[in-house]
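Okay, so here's the structure we're looking at.
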Amino acid sequence: MLRLPRRSDWHEYALGALRRLDESIIPPRCVFCGTRARRDEQSICQGCLSDLPWVANACALCAAPVGAALPHGVHCASCQRRPPQFQATIAPLLYEFPVDAGLKALKFGRSLHYAPAFAELLLLQWPRFSSDIDALLPVPLHWRRQAFRGFNQATELSRPLAKHVGLPVIGGVSRARATAFQSGLSAPQRQRNLKNAFAVKKVLRSRHVLIVDDVVTTGETTRQLARALIERGVEKVSVLAVARAG
Ligand SMILES: [Zn+2]
Ligand SMILES: [Zn+2]
């Protein structure tokens, strides 16, 4: 039997149906420049895709941009000093225009149409990861921040990606306390700010978890989250983010 949406959902349902009808006739517009996409394009046109601020060379462990390509197995100075517990981080773009503007619009302007576009960029990176990844974990927001924002941008990025790769999006991890905003803090301050920031509520059955976030700054958030996951039985952790800042 066809399940009809609840009365309160009608407006959204009708809008969704109209949008789908519209997209079947008229192709969607590029999220960055607004031109109508060609048949082979999705949310981002080829021109904008090639103009995005791609990172040329990065540390394979933490995704920090580096001047020249590092030999296989050699990591940046920061990772050598303090090796993180994850296998790899991929953050293909610099946190510069128009990536920063798009991510800010998504997070603070509720421009949720950016989420599937950024998820398409994440999907392009998927073949670079180890094939044993068995779950995606969006970096959780503190419940108060999520309640205020109404959504978690990392979850919005994870869902379309998970659908494409056929893996589950897992939860069960929370921010144990509301951490201060990371921007403007020094590296030691960030470490203190994030110590024991995450609580994993149950033993996780996933063996290789891919942490998904919008921006990686120093990698301190993902370091702490990876540690919390490994303490609760996860064997391996990798990280995927849209952009690398700092
Ligand atoms: Zn475009
Ligand atoms: Zn590194």
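Every heavy atom of this structure was used, including side-chain atoms; hydrogens, water molecules and symmetry mates were not. Remember, it's 1-based here, ligands and their atoms both numbered in the order they're listed.
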Closest approach of Ser206 and Ile170, non-hydrogen atoms and distance?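 Closest approach of Ser206 to Ile170: OG-CD1, 3.9 Å.
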Listing, residues 230-246 side-chain donor-acceptor contacts under 3.5 Å, not counting sequence neighbours, or none:
| residue | atom | partner | partner atom | Å |
| --- | --- | --- | --- | --- |
| Arg232 | NH1 | Val200 | O | 2.8 |
| Glu235 | OE1 | Arg207 | NH2 | 3.4 |
| Glu235 | OE2 | Arg207 | NE | 3.2 |
| Glu235 | OE2 | Arg207 | NH2 | 3.3 |
| Lys236 | NZ | Asp132 | OD2 | 2.6 |
| Ser238 | OG | His208 | NE2 | 2.8 |
| Arg244 | NE | Thr217 | O | 3.1 |
| Arg244 | NH1 | Cys62 | O | 2.7 |
| Arg244 | NH2 | Thr217 | O | 2.9 |

Hey, what's the ring geometry for Tyr114 with Phe118, parallel, tilted or perpendicular (30° and 60° as the breaks)? parallel
Count of N, O or S atoms belonging to protein, less than 2.8 Å from the Zn ion (ligand 1):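 That number is 4, waters not included.
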Say whether, by atom type as modelled, one donor and one acceptor occur between the side chain of [X] and the main chain of [Y] under 3.5 angstrom.
| X | Y | answer |
| --- | --- | --- |
| Asn152 | Gln146 | no |
| Gln80 | His75 | yes |
| Arg223 | Phe86 | no |

Could you check whether any side-chain heavy atom of Asp51 comes within less than 4.5 Å of a side-chain heavy atom of Phe32, counting everything from C-beta outward? no
So, using side chain to side chain donor-acceptor pair (under 3.5 Å) as the criterion, who are the partners of Glu156 when residues are at least two apart? Arg159
Closer than 2.8 Å to the Zn ion (ligand 2), which protein N, O or S atoms? Cys59 SG, Cys62 SG, Cys76 SG, Cys79 SG
Determine whether more than 12 heavy atoms belonging to other residues, nucleotides or ligands lie under 6.0 Å from atom CZ of Phe151.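 Buried by this count: over 12 neighbours within 6.0 Å.
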